[in-house]
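Indexing begins at 1, ligand by ligand and atom by atom, following the structure's order.
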Amino acid sequence: MSTVMPPAASARRELSAFNGWMVGPEDAGYGDARKVYNAMIDRRPALIARPASATAVGQIVRFARDHELPLAVRGGGHNGAGLGTVDDGVVIDLSLMRDVAVDPQARTVRVGGGCTWGQVDRATGEHGLATPSGIISTTGVGGLTLGGGLGHLTRKHGLAIDNLLAADVVLASGEQVRASADEHPDLFWAIRGGGGNFGVVTSFEFRLHEVGTVVAGPTLWAIEHSADVLRVYREFLPAAPRELNGFFAFLSVPPGPPFPEELHLRKVCGVVWCHVGGDEDAAARAMAPMLDALPEPLLHGPGPMPHADLQSAFDGVYPPGHQWYWRADFVNEIPDEAVAAHARFGAETPTWQSTMHLYPIDGAAHDVASSDTPWSYRDARWATVYAGVDPDPANVSAIRDWTVDYFEALHPYSAGGAYVNMMMDEGQERVRASYRDNYDRLARIKASCDPANLFRINQNIRPAA
Ligand SMILES: Cc1cc2nc3c(=O)[nH]c(=O)nc-3n(C[C@H](O)[C@H](O)[C@H](O)COP(=O)(O)OP(=O)(O)OC[C@H]3O[C@@H](n4cnc5c(N)ncnc54)[C@H](O)[C@@H]3O)c2cc1C
């Protein structure tokens with residue numbers, strides 16, 4: 001069927017009983033509705049629909065399919081490559097589907113497909129419970145989970161996908177199914193790392209862990225010490241207890257409280273800690289071997305705080321609407337030549353919000369075999385992310401050049417693929433490299449549940465022939 005009238009008008013006529021909200025380019029509210037987190041992404045969908053139920057999601061999926069319109073699905077809208085929107089197509093924006101239901105006895109939480117992590121962390125935190133997510137509260141549960149989910153709780157409790165118990169999924173046919181270890185197990189395998197390729201997840205169910213107060217915060221060293229800090233960190237962290245997570249970063253000190261004024265905007269390197277358990281002495285003991293091996297830091301900030309506060313600690317530094325350019329890699333080891341290259345690029349961040357993070361992948365994340373989920377780099381030690389960030393569009397070339405140059409200098413020392421959630425649109429070979437031996441199984445599952453590749457605005461897995 002082809003569309004004669006504009007898609008928004010067709011949708012209103014055909015979907016008169018639609019439970020939700022929709023806009024097209026001519027409607028009030030369209031300008032705000034089309035914005036995503038990364039302001040470098042400037043797409044103009046033909047229809048943005050906010051369904052309020054799984055049935056309404058199915059209606060829009062069928063509408064896009066029947067009218068042969070490109071379809072994007074938006075959870076939190078955070079994706080760097082802008083995969084939550086599409087030019088001239090249909091966007092399913094799940095932001096009306098944000099229910100959170102905690103079951104403290106069963107230690108589970110059910111989360112609407114359009115939730116952000118901040119909503120989930122606040123609700124579970126009231127019971128002293130949490131599930132692994134990322135490091136920023138405004139990130140969507142949907143995209144982060146479907147791509148894997150790396151964050152402060154990774155070493156102790158694994159990736160977000162390692163704690164996913166079940167999901168309700170609307171398939172390309174519009175049919176609603178539940179995926180778990182017992183129901184549609186192939187689909188359940190595929191959505192734990194295979195991204196939004198297999199359907200629209202309208203609800204996630206996660207296992208919860210006892211995580212109330214954590215001991216968290218940064219230790220920052222002068223940038224001149226960065227090679228020493230990174231050399232000590234690469235040996236220290238893999239040997240540290242699982243309770244201690246710490247990601248290495250190059251950053252500039254944010255220009256506001258709680259940071260001392262004399263450090264504002266100073267380029268530094270550091271580790272952002274999260275010790276699970278809330279015992280300050282245990283946290284100090286766990287960090288001591290690293291701190292003792294290095295010069296006096298400029299700032300040592302870890303202290304007890306609710307896990308949900310840690311999760312929102314970066315929100316003020318990274319509000320929506322900045323320009324973002326990303327590159328990423330998995331890393332097994334950090335040889336001295338790589339340390340030297342890091343020290344060079346880390347000292348040359350083009351803007352104060354530009355950063356590089358090394359997220360640990362070990363501890364509980366290593367308890368899962370590479371083929372147990374699509375997330376194949378279980379044997380990697382770190383996920384590196386290079387992110388050029390700035391509010392001013394005039395600085396796009398500067399942030400992009402630094403990111404790409406940094407990535408290209410370090411890529412030869414990488415394990416090959418990258419974490420799909422931290423890639424830009426880098427082409428099919430890069431997606432395949434990121435799934436390694438799991439790619440072919442993903443492509444077969446894709447062929448069985450989305451043979452026409454309706455869900456292709458993502459790090460795309462093409463249906464097997
Ligand atoms: C500031 C910032 C911090 C970040 N920190 C972390 C971090 O600590 N750890 C980490 O692992 N990642 C992190 N990320 C990366 C993040 O995981 C990805 O950007 C992810 O894609 C965001 O998910 P979203 O739902 O917000 O994105 P969206 O742009 O809404 O969607 C991204 C992709 O997921 C699909 N999708 C989203 N929701 C659904 C759903 N319910 N059903 C089906 N498909 C869906 C979309 O179709 C799209 O392909 C961060 C990103 C940013 C910008």
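Going from atom SG of C115 over to atom CE of M97 covers 10.0 Å, rounded to the nearest 0.5 Å. Here OG of S414 is found 11.5 Å from CD of E333. Values are rounded to the nearest 0.5 Å. Here the CZ atom belonging to R155 is positioned 12.5 Å from the CG atom belonging to L150, to the nearest 0.5 angstrom. One distance of note links CG of N79 with CE of M424; it measures 8.5 Å at 0.5 Å rounding.
Atom 48 (C) of ligand 1 has L83 O, 3.5 Å as its closest protein atom, hydrogens excluded (heavy atom only). Here the protein heavy atom with the shortest distance to atom 15 (C) of ligand 1 is N421 O, 3.6 Å. T139 OG1, 3.9 Å is the protein heavy atom nearest to atom 4 (C) of ligand 1. Atom 14 (N) of ligand 1 has its closest protein heavy atom at M422 CE, 4.0 Å. In terms of protein heavy-atom proximity, atom 45 (C) of ligand 1 is closest to L146 CD1, 3.6 Å. If you check which protein heavy atom lies closest to atom 35 (C) of ligand 1, you get V73 O, 4.1 Å. Shortest contact from atom 37 (C) of ligand 1 to any protein heavy atom: G143 N, 3.3 Å. Of all protein heavy atoms, the one closest to atom 7 (C) of ligand 1 is L150 O, 3.4 Å.
The distance between the ring centers of W326 and Y419 does not fall below 6.0 angstrom. The aromatic ring centres of H322 and Y318 sit 6.0 Å or more apart. For W117 and F206, the ring centers sit closer than 6.0 Å to each other.
At least one N/O-N/O distance between H78 and ligand 1 falls below 3.5 Å. Considering both main-chain and side-chain atoms, F204 never comes within under 3.5 Å of ligand 1 through any nitrogen or oxygen pair. Taking any N or O of N79, backbone or side chain, at least one lies under 3.5 Å from an N or O belonging to ligand 1. Residue contacts with ligand 1: G77 is placed with a nitrogen or oxygen under 3.5 Å of a nitrogen or oxygen of the ligand (distance criterion only). The shortest N or O to N or O distance between Y419 and ligand 1 is under 3.5 Å. Some N or O of I135 is nearer than 3.5 Å to an N or O of ligand 1, by distance alone. Below 3.5 Å of separation, one finds an N or O of I457 facing an N or O of ligand 1. In terms of polar-atom proximity, I136 is not counted as a contact of ligand 1, lacking any N or O under 3.5 Å from an N or O of the ligand. Looking at ligand 1, you'll find an N or O of G75 within less than 3.5 Å of one of its N or O atoms.
Against a heavy-atom cut-off of under 4.0 Å, G140 is close to the following atoms of ligand 1: 23 (O), 24 (P), 25 (O), 26 (O). For ligand 1 and G196, the ligand atoms under 4.0 Å from any heavy atom of the residue are 44 (N). Against a heavy-atom cut-off of under 4.0 Å, L94 is close to the following atoms of ligand 1: 40 (C), 41 (N). Set against the non-hydrogen atoms of N458, the atoms of ligand 1 under 4.0 Å away are 49 (O). The contact set between ligand 1 and Y37, taken as ligand atoms under 4.0 Å from a residue heavy atom, comprises 1 (C), 53 (C). Contact atoms of ligand 1 toward G134: 7 (C), 8 (O), 9 (N) (distance under 4.0 Å to a heavy atom of the residue). Atoms of ligand 1 lying under 4.0 Å from at least one heavy atom of G84, given by number and element, are 29 (O). Ligand-side atoms of ligand 1 in range of V200: 42 (N), 43 (C), range being under 4.0 angstrom from any heavy atom.
In the model, K156 has no side-chain atom that pairs as donor or acceptor with a side-chain atom of N245 under 3.5 Å. S137 and D315 are linked by a side-chain donor-acceptor pair at a separation below 3.5 angstrom, with hydrogens and angles left out of the test. Remark: the S376 side chain and the R436 side chain contain an N/O donor-acceptor pair separated by less than 3.5 Å.
Between A160 and ligand 1 there is no heavy-atom distance shorter than 4.0 Å. Taking a 4.0 Å cut-off on heavy atoms, W324 registers as neighbouring ligand 1. For G147, the heavy-atom gap to ligand 1 stays at 4.0 angstrom or more.
For Q428, the CD atom is densely surrounded, since the number of other residues' heavy atoms within 6.0 Å is greater than 12. Atom CZ of R441 is surrounded by more than 12 heavy atoms from other residues, nucleotides or ligands within 6.0 Å.
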Output, in order, the C-alpha distance, side-chain angles, deciding distance and verdict of side-chain contact (heavy atoms from CB on, under 4.5 Å) for V170 and T202.
CA-CA 7 Å; V170 175; T202 54; 3.9 Å; yes

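H357 pairs with exactly one of Y386, F248, W382, F247 by the ring pair (Phe, Tyr, Trp, His ring centres under 6.0 Å) rule, that one being F247.
At a 4.0 Å heavy-atom cut-off, ligand 1 does not touch F314 at all. The proximity of W326 to ligand 1, defined as any non-hydrogen pair under 4.0 Å, is limited to the side chain.
Figure legend: cation-pi geometry between R327 and Y325 absent, as NZ or CZ is not positioned both under 6.0 Å from the six-membered ring centre and within 45° of its axis.
Checking side-chain atoms of W352 against main-chain N and O of V253 turns up no donor-acceptor pair under 3.5 Å. Looking only at distances, a side-chain donor or acceptor of D27 sits under 3.5 Å from a matching main-chain atom of G24.
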